[in-house]
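Below: the structure, in structure tokens.
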Amino acid sequence: MNVNLQHWTLAVDAQGIATAILDKAGESANSLSADVLSEFSSILDQLDVYPPKGLIIRSGKEAGFIAGADISEFSQLDTPEKGRTLVERGWGLFNRLEAVKYPTLALVRGHCLGGGLELALACRYLLAVDESGTKMGLPEVMLGIFPGWGGMLRLPQRVGPAAALDMMLTGKTIDAKRAKKMGLADDCVPPRVMEPAARQLLLSGQPRRPLPLMQRLMNGPLKGVVANGARKQVAKKARPQHYPAPYAIIDLWQKHNGNALAAPEVIDRIISSPTARNLVRVFHLQERMKGFGKDSNFKAKRVHVIGAGVMGGDIAAWCALRGMTVTLQDQTLERISPALKRAHALFAKKLREPLKIRAAFDRLIPDPQGDGVPHADVIIEAIFENVEAKHALFRAIEPRMKPQAVLATNTSSLKLEDLRTVLARPERLVGIHFFNPVSMMPLVEVVEAEGGDPAALLAACAFVKQIDKLPLPVKSAPGFLVNAVLAPYMLAAMRAVDEGISPETVDEAMLAFGMPMGPIELVDTVGLDIAMAAGKQLAGGAEAPKCLLSRVEKNMLGKKSGQGFYDWSSGKAAKGSAGAVPDGLAERLVKPLVDRVEQLVADGVVADRDLADGGVIFGTGFAPFTGGPLNYRAALLG
Ligand code: NAI
């Protein structure tokens with residue numbers, strides 16, 4: 001074959017089966033950049049001239065099949081023409097792929113996302129390799145855009161509109177078994193037989209499994225009903241002024257059968273929206289945070305967690321879920337057992353298969369005597385927030401630890417400089433500060449004390465990355481980044497309640513701004529006693545709000561006591577209806593938060609403005625479509 005290719009190789013075997021392997025030059029993962037697509041187009045040209053018996057498309061990367069379009073190209077879309085050209089490029093090419101006369105098959109192993117799945121959907125067959133890394137999805141909505149290369153057309157045809165809209169509107173991914181079950185993959189096979197299985201399926205002539213009648217109706221005459229239902233679902237989670245893309249996906253599917261080129265004004269509007277720009281920014285921030293610790297060759301196998309309370313118990317469970325062997329220590333077995341119960345529920349929810357649940361549970365070992373200490377690569381202390389207790393513990397465990405093990409505290413409010421005074425090697429203590437609930441919160445602050453050992457910090461970041469959380473290095477300072485910025489925000493919200501604005505109205509103002517939870521409900525969730533203590537530490541001597549004081553005096557501590565600003569007796573906050581939100585209330589409440597972020601960047605608590613934005617988004621849920629608090633302020637100032 002004489003095509004000159006940089007990213008692809010094309011080979012035809014003795015049987016006449018062609019295999020196109022994508023191995024994007026200079027990258028560890030495949031993405032569909034303009035030149036990758038143009039080379040693919042030349043492969044199709046070539047095969048037009050010498051039609052093969054069939055074509056298998058696969059990846060040459062360890063990492064997976066194809067991660068999606070090349071996101072770095074999005075920032076170059078500064079005119080409507082460029083946006084449309086980008087859509088046309090994949091849409092046209094994949095239509096051409098779908099129309100070739102010979103059978104085609106995508107052999108999907110590892111991640112197959114966005115444009116990668118759109119390519120696979122344009123093949124006649126999709127064979128999924130059953131291993132844990134195999135994940136298929138159309139996550140464009142998370143970048144504020146839509147799957148315009150045929151995903152909105154072909155996914156609903158393949159799996160029915162209900163499942164397809166669910167995937168496209170949430171961005172969630174599915175594994176190989178599930179893909180087969182829902183009809184996205186024609187088959188799902190273990191890695192060792194994937195090659196013969198691919199050839200067999202390719203030449204099988206097997207027709208596509210037809211969609212059930214109801215799904216066909218939903219993709220035809222009942223489209224309007226389905227679309228309206230989907231709009232209602234989306235409206236519960238995302239307001240159109242903040243997140244226009246999911247609404248555009250529904251419209252494009254309903255009115256244009258997924259062809260965005262039929263509605264160029266929608267392409268322009270979505271691609272040029274600040275939301276898309278900001279969500280791409282958030283994606284890059286996330287990638288940057290994932291990169292911390294990657295220069296370390298530290299790899300944890302065994303983790304020892306001390307304190308099986310709210311935090312320690314859930315940290316231990318999370319580490320076991322992520323494949324580590326975990327010993328969990330507390331004063332007695334009775335104190336450990338509630339954590340094991342919660343762990344089991346977490347494993348059941350996340351792993352679903354009984355064997356996997358069992359294996360995870362076997363990795364989590366109750367250890368009241370602390371027998372795990374000498375074997376652990378990482379030790380995380382999560383006992384009572386009390387300096388003397390922590391000192392006594394550190395004194396007891398340090399002599400038993402492996403010399404290279406990471407010693408970390410999960411403290412929220414104590415100074416690392418005070419905690420480490422009892423250590424023979426004080427420079428080894430780092431903070432690994434998780435957020436509650438551990439399984440939901442992506443961010444973990446990695447805290448560097450004055451004069452701390454840089455290698456320990458790097459190893460801590462590597463560990464956090466290893467358990468699939470986002471590490472954010474911060475300097476030791478009261479409240480680090482996240483709690484320090486939340487405190488003045490929650491204080492401002494409670495001052496507004498003191499002024500006579502109802503908690504419901506205050507919360508509604510911030511929900512409308514785009515926060516995932518109102519600040520008053522957040523105070524209730526954190527606990528009013530904790531908010532009070534944090535306020536003392538972080539509010540610089542300001543008086544506590546009256547609404548807070550009066551409730552704490554009556555032991556109304558929020559969710560955990562059943563009553564705070566709201567009644568929690570049903571397990572959820574019982575909210576009355578919100579009043580009219582006073583003009584400018586949201587801006588007024590968010591200002592102290594943004595001011596504090598500016599201050600912390602100036603003080604060097606977090607390295608730069610971008611990381612501060614990333615930290616606040618992933619640590620608090622701060623409206624992602626704004627691109628973060630500092631980006632939000634910069635946009636306001638124009
Ligand atoms: P908790 O009170 O729920 O759990 C503490 C556990 O430590 C208890 O089960 C207790 O029996 C055990 N414990 C106390 N002394 C011990 C010792 N010497 N040896 C073994 N076990 C001992 O506390 P929580 O909320 O889990 O907090 C733990 C740490 O995590 C604190 O430092 C806190 O500042 C920090 N943290 C708490 C967050 C939260 O939202 N609760 C969030 C982030 C950090």
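This chain uses plain numbering: 1 for the first residue, then up along the sequence. Both ligands and their constituent atoms are indexed starting at 1 by order of listing. Values below: every heavy atom of this structure, side chains too, minus hydrogens, waters and symmetry copies.
- Contact annotation for Phe434 and ligand 1: only backbone heavy atoms (N, CA, C, O) come within less than 4.0 Å of the ligand.
- The six-membered or imidazole ring of Phe513 lies near that of Tyr632, with a centre-to-centre distance under 6.0 Å.
- In this structure, the protein non-hydrogen atom closest to atom 22 (C) of ligand 1 is Ile383 CG2, 3.4 Å.
- Of the N or O atoms in His433, none lie within a sub-3.5 Å distance of an N or O in ligand 1.
- Under the 4.5 Å side-chain criterion, counting only non-hydrogen atoms from C-beta, Leu522 is not in contact with Met515.
- Contacts with ligand 1 closer than 4.0 Å are made by heavy atoms of both the backbone and the side chain of Gln331.
- Counting heavy atoms closer than 4.0 Å to ligand 1, residue Glu381 contributes nothing at all.
- Of the residues His433, Glu385, Glu445, the one that meets the side chain to side chain donor-acceptor pair (under 3.5 Å) test with Ser412 is His433.
- For a threshold of 3.5 Å applied to N or O pairs, the pair formed by Gln329 and ligand 1 contains no separation below that value.
- A side-chain contact (heavy atoms from CB on, under 4.5 Å) with Phe434 holds for exactly one of Ile380, Leu443, Val464; it is Ile380.
- Of all protein heavy atoms, the one lying nearest to atom 41 (N) of ligand 1 is Met311 CG, 3.8 Å.
- By the 4.5 Å heavy-atom criterion applied to side chains, Lys560 and Ile530 are counted as neighbours.
- Checking atom 2 (O) of ligand 1 against the protein gives a heavy-atom contact under 4.0 Å.
- Proximity annotation for atom 33 (C) of ligand 1: of Glu385, Met441, Glu334, Lys560, Glu385 comes nearest, heavy atoms only.
- In terms of N/O distances under 3.5 Å, ligand 1 is not approached by Phe435.
- Within the 4.0 Å heavy-atom criterion, the part of Lys390 lying near ligand 1 is the side chain and not the backbone.
- With rounding to the nearest 0.5 angstrom, the CD atom of Glu381 is 8.5 Å from the CG atom of Leu407.
- If you look at Asn436 next to ligand 1, the close heavy atoms, those under 4.0 Å, all belong to the side chain.
- Look at Arg596 and Asp603 and you find no salt bridge, because none of the NZ, NE, NH1 or NH2 atoms lies under 4.0 Å from a carboxylate O.
- Under the side-chain contact (heavy atoms from CB on, under 4.5 Å) test applied with Thr325, the options Asp377, Ile365, Asp362 reduce to a single match, Ile365.
- Using a non-hydrogen distance threshold of 4.0 Å, Ala382 registers as a contact of ligand 1.
- In terms of polar-atom proximity, defined here as any N/O pair under 3.5 Å, Leu393 makes no such contact with ligand 1.
- Looking at heavy atoms from C-beta onward, Glu353 lies out of side-chain contact with Leu351 at the 4.5 angstrom threshold.
- For atom 44 (C) of ligand 1, the nearest non-hydrogen atom of the protein is Ser412 OG, 3.0 Å.
- Using a 3.5 Å distance cut-off with no hydrogens or angles, the side chains of Ser569 and Gln563 do not pair a donor with an acceptor.
- Here the side chain of Thr275 pairs a donor or acceptor atom with the backbone of His242 at under 3.5 angstrom.
- Here the heavy atom of the protein found nearest to atom 4 (O) of ligand 1 is Gly309 CA, 3.2 Å.
- Contact check for Leu416 versus Thr409: side-chain heavy atoms found under the 4.5 Å cut-off.
- Below 3.5 Å of separation, one finds an N or O of Asp330 facing an N or O of ligand 1.
- When hydrogens are left out, the protein atom nearest atom 30 (O) of ligand 1 is Asn410 ND2, 3.0 Å; that is the closest non-hydrogen contact.
- For atom 23 (O) of ligand 1, the closest non-hydrogen atom of the protein is Val310 N, 4.6 Å.
- Contacts between Ile306 and ligand 1, counted as non-hydrogen atom pairs separated by less than 4.0 Å, involve the side chain only.
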